[in-house]
Amino acid sequence: MESQDGPSDMLSDSYFVPPPLEVATMRQQIPPMMTEISELRSRLKELEGRFSRYRSATSPLRRVPPEILGEIFHIAMGPAAINFETKRNLTAILLVCKKWRDAAYLTGKLWGCIVLRLPRTRQMSYEKISNWMGRSKGFRKTLKIEYDPDRCDCEEMEVCKLAASWLVEFLVVGRPIHRLEILSLAPRCFQELMDSVKAEVDGHDLAKSSWNQLQELKLDFEALEAIAPENFETGGEDVSQSAFRHIPPLSSLILFLPFYRSLRGEPPSSWTHIHLPPTSLQTLTAFHLDCRWDSPQIFVLLQHCQSLQTLYLSLHDTSWTWKPENVNVPSLSGDPGCIILPNLRTLAIGGCTVQTADKLARHLRVPRLLNLQAAQSPKTTDHSAISKALIALSPIWVQRTTIRGSLTLEDTQCSTISAKELTDLLSRFGDAAHFATSFGFNAKDFLELQKLDDAVRLLPSLKHLKITHIKADFDLESFFQYIECRRLVQSSDEGQADRLKTLTLSGHPGLDHGQVNQLARAYRESSYPKLLEESFGIVVNFLPMGSPVYT
């Protein structure tokens, strides 16, 4: 059968040698075919281009508002602050097209937080950082400075590199920033910066200066053995000589003071303490102090913090050898002999020892405390130390007998607490609505104690129970039985029904793959999670890979 194009095509599709006449005919037809192919390819390319443009023009993505695009960019960039050395991802977004660039410039959250590493090898200017921060518009602005004191020869130079003119100008007359963080800070460099800021402020209206509008400050001083507390003040209790004297009124202050060890191995004298201006402390609503000096600086500062709502104290290795009568804090030596923080709602104590708790309980009163977080000292060998510390701390909340908000007990050393001690401890916090702990305990022993005839439901007001850092051999079945048993145990609040609604269990972050699978298998094989939700309305969140204690 011949093809529609004639016998030539039939011959070309076979292995027969065509006659000379057919060969001549075929050769004549090849050039027109090549021309037609070229024209069709051009036509196809044109159609594909038009198709691509039409599809792009009608794509739903083209109608995405710039505000949504900006949110996508913000999520893609992640929560970490942007620094000038690693801004390539943001630059790539700006170079895609004009619409993307406009959307990025419209999204103030992308530009509100920046990290600078000082001293810098590349030149920086006031205009560059001011323009960057200006794009954040009305969003909160945060400036983080990662300082390398080893590269600063301020003792040999007239001006410290931290006190660079462009930085001082930006802090005083630039766009107001909400939060300033300086990490790895040397006291001498901080002093230079504060003196330069003060000199710049003196030439402007203090009330209108950007420095006076700062709300949050974080200072993390370098931990060098040769740094002594005396580096922070040079005039006894004269605040006018303190390195902190130019700090403006703040709403939040985070202060990490360096671990002190003198060159001769001697501890700092018990009377040494830092001096922050009372005007900077009186407006604080959040204060985080990490200090290991054996001195009364905690109470020297807290006497001015009457507006404080959140207080975090990290007091590892503090010896508490000083006496209140030797401290210039009138409320300690007077009546009632303690400092009262009337607005404090949340108290967190790191390195909580019995000695620390006892000292705080003697000199601190928090009548409206709602939330208590306590982290056991990593050097403690007494497994019952956290229980003893909380008992010693109880006078702090004065007229109340317990905490009404949340109770968090943290331990990072995989310590355990006996079922009896845990039961006795929780019985003291009957009004807590949230309880979280990373301490290990024997779930079966804990269950047996709740089944005793005289047992009373622990934490009757509890709504959310969170157990973290669970090991692979944790008895999930016994713990689930305890949750079920809560419904049957008599309550101490006049027969009130159990209020527990959420149970969160998470594995220890250090579990290996096999241990994670073991824990996950025990959870899957248990029928209790479904039973607890269907029968009692308790939602069980299980995270075998682990999660942090604090939410």
Side-chain angles (χ1 to χ4, degrees), residues 66-67 69-96 100-149 151-152 160-186 189-190 192-194 196-197 200 209-222 247-248 250-254 256 288:
E67 294 83 3
L69 270 179
E71 289 296 326
I72 295 174
F73 298 159
H74 182 254
I75 295 173
M77 293 298 297
I82 298 174
N83 59 58
F84 278 109
E85 283 76 14
T86 58
K87 62 176 183 178
R88 296 184 183 90
N89 292 337
L90 184 55
T91 302
I93 289 175
L94 299 178
L95 296 177
V96 170
W100 279 34
R101 184 175 66 251
D102 293 344
Y105 284 155
L106 183 66
T107 309
K109 291 185 291 186
L110 285 173
W111 312 91
C113 186
I114 187 172
V115 177
L116 298 178
R117 293 189 177 96
L118 300 179
R120 290 183 56 80
T121 55
R122 298 181 180 179
Q123 186 177 4
M124 177 56 66
S125 66
Y126 166 79
E127 290 75 16
K128 184 179 291 187
I129 188 173
S130 181
N131 290 338
W132 182 286
M133 285 292 191
R135 295 170 187 154
S136 66
K137 302 177 176 59
F139 286 91
R140 290 177 23 164
K141 300 172 178 60
T142 299
L143 174 61
K144 298 182 180 181
I145 298 176
E146 296 177 353
Y147 193 65
D148 185 359
R151 294 174 55 196
C152 180
C160 175
K161 293 182 180 179
L162 181 61
S165 59
W166 61 267
L167 178 59
V168 173
E169 182 181 4
F170 178 76
L171 292 177
V172 176
V173 299
R175 300 180 184 276
I177 59 176
H178 183 87
R179 182 183 177 94
L180 173 64
E181 298 183 10
I182 309 179
L183 309 181
S184 301
L185 182 61
C189 299
F190 178 66
E192 288 276 353
L193 176 62
M194 291 297 96
S196 299
V197 167
E200 184 75 18
S209 69
S210 300
W211 179 250
N212 203 52
Q213 298 179 50
L214 185 67
Q215 293 296 309
E216 300 179 4
L217 178 64
K218 177 181 178 179
L219 301 175
D220 188 352
F221 289 93
E222 62 175 350
I247 292 179
L250 301 167
S251 62
S252 174
L253 175 62
I254 302 176
F256 290 87
H288 182 139

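Values reported hereafter were calculated over all heavy atoms of this structure, with side chains retained and with hydrogens, waters and symmetry mates removed. It should be emphasised that the depicted structure is a prediction, and the values quoted were computed from it without experimental measurement.
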Mind checking the CG-OH spacing from L94 to Y105? Nearest 0.5 Å is all I need. 5.0 Å

Please tell me if the side chains of W211 and L180 come closer than 4.5 Å, counting only heavy atoms from C-beta onward. yes

Where do E127 and W166 land on the side-chain contact (heavy atoms from CB on, under 4.5 Å) test, with the steps shown first? CA-CA 8 Å; E127 290 75 16; W166 61 267; over 6 Å; no

Provide the closest heavy-atom pair for A103 versus P66 in the form atom of the first, atom of the second, distance. CB-O, 3.7 Å

Could you grab the distance from atom OG1 of T142 to atom NZ of K218, nearest 0.5 Å is fine? 11.5 Å

Between M133 and F170, does a side-chain contact (heavy atoms from CB on, under 4.5 Å) hold up when you go through it step by step? CA-CA 10 Å; M133 285 292 191; F170 178 76; 3.7 Å; yes

Look up atom CG in L214 and atom OG in S252, then write down how far apart they are to the nearest 0.5 Å. 10.0 Å

Smallest heavy-atom separation, Y147 atom then S184 atom, equals O-CB, 3.1 Å

Shortest non-hydrogen contact between L250 and E216, atoms and distance: CD2-N, 4.3 Å

Could you check if a side-chain atom of E67 sits within less than 4.5 angstrom of a side-chain atom of L106, using non-hydrogen atoms only? yes

With a 4.5 Å cut-off on side-chain heavy atoms, are L171 and L143 touching? yes

Minimum heavy-atom distance between W100 and I93, given as atom pair plus value: CB-O, 3.7 Å

Under a 4.5 Å cut-off applied to non-hydrogen side-chain atoms, are R179 and I254 in contact? yes

S209 (side chain) donor-acceptor with V172 (main chain) under 3.5 angstrom: no

In this structure, CD of E146 is separated from CD of E181 (nearest 0.5 Å) by 9.5 Å

To the nearest 0.5 Å, what is the distance between CH2 on W132 and CG on L110? 9.0 Å

Okay, side chain of R175, backbone of S130: is any donor-acceptor separation there less than 3.5 Å? yes

Could you grab the distance from atom CG of L185 to atom CD1 of I145, nearest 0.5 Å is fine? 9.0 Å

Please assess N89 against M77 for the test side-chain contact (heavy atoms from CB on, under 4.5 Å), listing each intermediate value before the final yes or no. CA-CA 7 Å; N89 292 337; M77 293 298 297; 3.9 Å; yes

Nearest heavy atoms of S210 and P176, plus distance in Å: OG-N, 3.8 Å

Check the pair W111, F139 against ring pair (Phe, Tyr, Trp, His ring centres under 6.0 Å), reporting the backbone distance first and the verdict last. CA-CA 9 Å; W111 312 91; F139 286 91; over 10 Å; no

